[in-house]
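Written out below as structure tokens is the structure these notes cover.
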Amino acid sequence: MKRIAILGSTGSIGTQALELIQENSGKFEVFAVSCEKNTSLLSEQIEKFKPQIAVAADEKDALLLSRKHPGTEIFFGAKGLALAASAGADMVLNALSGTSGLVPTYEAAKAGKVIAFANKETLVAGGSIIMKAVHGSGAALLPVDSEHCAIWQCLLGNSPREVRRLVLTASGGPFRGYSLEELKNATPEQALRHPRWNMGRKITVDSATMMNKGLEIIEAKWLFDMRPEMIDVVVHPQSIVHSMVEYCDGAVIAQMGKPDMKGPIGYALAYPERLENKAGGVDFAELGSLTFEKPDEGAFACMRLARQAIKDEGSSSPVVLNAANEALVRLFLEKKIGFLDIQSNIERALEAHTPVYGLDIDGILELDKEIREGIGNDSSLHGNSA
């Protein structure tokens with residue numbers, strides 16, 4: 001019986017993981033759950049799964065949950081997440097959003113945990129520190145993002161030295177084919193209508209801007225120890241090929257499946273086994289064809305900005321990229337800025353930043369806060385129309 005701590009259990013990844021655990025109750029036990037805001041759903045999860053630990057963001061919410069669920073230890077805030085990540089679970093599923101996942105991942109890595117990893121922002125901001133902790137303790141990072149889980153599977157049984165390139169696939173999001181002029185009037189409602197995947201709001205906007213692919217390039221660099229120039233992106237609107245690996249002899253291995261996050265979540269949870277999928281696989285005859293396109297980096301600049309941020313090995317620029325993106329996506333969803341203001345102001349933040357090197361966890365968090373506050377207090381951003 002594998003004990004699982006799910007950080008971010010009320011989000012899209014977390015709720016699907018709990019569904020898989022319920023469907024395979026003989027294999028898994030829920031050790032910990034956590035939420036940021038949805039305490040009513042967290043309370044339902046505590047009632048159903050009876051975890052040893054639960055974590056709320058706010059102390060007041062934690063006290064209320066403690067009274068309602070005396071059989072579960074309730075903690076709160078960043079310290080609570082760090083405790084849940086490093087305590088008695090066999091595996092930590094990090095499904096947190098943004099850099100809130102950095103410290104829990106670090107604590108889980110130091111504790112030598114198996115970490116099922118769906119929090120790409122942590123490796124973007126702190127890849128060097130996290131990977132050093134993983135290698136130092138014997139921890140394991142098992143990627144849950146569909147693209148990185150696909151690459152992981154394509155690499156199994158092969159030598160990394162024989163890899164020519166990794167190819168991440170992108171659906172193209174709701175604005176595939178849009179020109180720069182057409183993107184000027186894109187609204188949050190349009191950005192949140194993803195054609196293939198059902199995800200959280202922030203990651204769905206990242207898919208619309210294609211920053212998601214930029215962050216995934218950086219994540220892949222750290223997870224698979226690949227140089228950035230060895231990582232390509234192609235637009236694949238059917239979302240059947242989840243990613244590919246090309247080897248030195250020209251052979252390409254692709255991992256395919258329906259666009260359903262339960263596949264990569266289940267693969268990471270059960271590894272090295274596979275869980276039975278009762279929904280069945282892809283009907284290729286009915287599908288008919290698979291197509292691939294080159295990304296339009298003229299209209300969607302975020303991938304270029306991500307590559308720019310990691311050009312200088314070990315610099316603080318990826319922290320700036322990630323923090324600026326999170327702050328600007330929030331402003332876009334609040335209709336305080338336009339869609340193209342996201343990428344233009346990320347570029348402005350990177351240009352204004354003087355890179356520093358060798359940041360520790362506290363330094364990363366301090367810079368992250370500084371960038372967010374700077375964007376939040378920038379009066380030139382507010383009042384722009386979406």
Side-chain angles (χ1 to χ4, degrees), residues 117-118 120 123-124 127 131 141-173 175-177 194-197 199 203 206-261 263-265 267-268 281-282 284 287-311 318 321:
F117 194 71
K120 60 177 67 68
L123 283 185
V124 171
M131 297 313 297
L141 277 182
L142 309 183
V144 171
D145 278 344
S146 63
E147 297 82 1
H148 300 89
C149 183
I151 289 171
W152 174 29
Q153 294 179 65
C154 293
L155 288 169
L156 290 176
N158 294 287
S159 170
R161 295 190 302 274
E162 296 175 341
V163 173
R164 178 178 291 165
R165 63 176 178 146
L166 311 180
V167 183
L168 301 168
T169 57
S171 69
F175 301 133
R176 171 177 159 255
H194 197 283
R196 295 288 178 185
W197 296 93
M199 305 177 290
I203 193 173
D206 282 350
S207 179
T209 64
M210 295 199 73
M211 176 57 87
N212 206 31
K213 294 303 126 180
L215 301 180
E216 287 172 9
I217 290 169
I218 301 175
E219 183 182 6
K221 162 191 159 47
W222 291 113
L223 279 173
F224 306 113
D225 192 23
M226 296 287 171
R227 300 189 310 276
E229 60 269 24
M230 295 174 67
I231 306 167
D232 287 342
V233 174
V234 296
V235 174
H236 168 52
Q238 295 84 18
S239 297
I240 297 298
V241 176
H242 297 303
S243 278
M244 300 172 273
V245 175
E246 180 181 318
Y247 288 91
C248 59
D249 62 354
V252 178
I253 298 178
Q255 190 271 330
M256 295 185 280
K258 290 181 177 179
D260 180 358
M261 279 306 300
I265 295 168
Y267 188 77
V282 178
F284 288 98
L287 183 65
S289 63
L290 302 175
T291 60
F292 302 91
E293 307 163 6
K294 187 176 181 178
D296 181 358
E297 294 192 26
F300 300 90
C302 287
M303 281 190 296
R304 172 178 60 80
L305 297 175
R307 289 191 185 278
Q308 176 184 324
I310 56 170
K311 196 171 183 180
L321 174 92

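We use all heavy atoms of the structure for the numbers below, so side chains are in, but hydrogens, waters and symmetry mates are not.
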Minimum side-chain heavy-atom gap [X]-[Y] below 4.5 Å:
X: Ile151; Y: Leu168; answer: yes
X: Val234; Y: Met244; answer: yes
X: Leu321; Y: Ile218; answer: yes
X: Lys213; Y: Pro295; answer: no
X: Trp222; Y: Leu141; answer: no
X: Glu293; Y: Arg176; answer: yes
X: Met131; Y: Leu123; answer: yes
X: Phe284; Y: Met256; answer: yes

Between [atom1] on residue [X] and [atom2] on residue [Y], distance to nearest 0.5 Å:
X: Phe224; Y: Ile231; atom1: CZ; atom2: CD1; value: 9.0 Å
X: Glu147; Y: Gln255; atom1: CD; atom2: CD; value: 10.0 Å
X: Met303; Y: Leu215; atom1: CE; atom2: CG; value: 11.5 Å
X: Ser146; Y: Ile265; atom1: OG; atom2: CD1; value: 10.0 Å

For the student: nearest non-hydrogen atoms of [X] and [Y], plus distance:
X: Ile253; Y: Tyr247; result: CD1-CE1, 3.7 Å
X: Met210; Y: Ala170; result: CE-CB, 3.8 Å
X: Val144; Y: Cys149; result: O-CB, 4.4 Å
X: Pro228; Y: Lys221; result: CG-CD, 4.1 Å
X: Arg307; Y: Asp232; result: NH2-CA, 4.0 Å

*Might you work through the side-chain contact (heavy atoms from CB on, under 4.5 Å) test for Val245 and Val163, ending with a clear yes or no?*
CA-CA 7 Å; Val245 175; Val163 173; 4.0 Å; yes
Backbone N/O of [Y] and side chain of [X]: donor-acceptor pair under 3.5 Å:
X: Lys120; Y: Ile217; answer: no
X: Glu216; Y: His148; answer: no
X: His242; Y: Gly257; answer: yes
X: Ser239; Y: Pro259; answer: no
X: His236; Y: Thr291; answer: yes

*Please report the C-alpha distance between Ser243 and Cys154 in whole Å, then the side-chain angles of each, then the deciding distance to 0.1 Å, and finally whether the side-chain contact (heavy atoms from CB on, under 4.5 Å) criterion is met.*
CA-CA 8 Å; Ser243 278; Cys154 293; over 6 Å; no
*asked:* For Asp249, I'd like to know if atom CG has over 12 heavy atoms of other residues, nucleotides or ligands within 6.0 Å.
replied: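 Enclosed: over 12 neighbouring heavy atoms sit under 6.0 Å from CG of Asp249.
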*asked:* Once you measure the plane-to-plane angle for Tyr267 and Trp152, does it fall in the parallel (<30°), tilted (30-60°) or perpendicular (>60°) bin?
replied: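 Rings of Tyr267 and Trp152: perpendicular, as their planes differ by over 60°.
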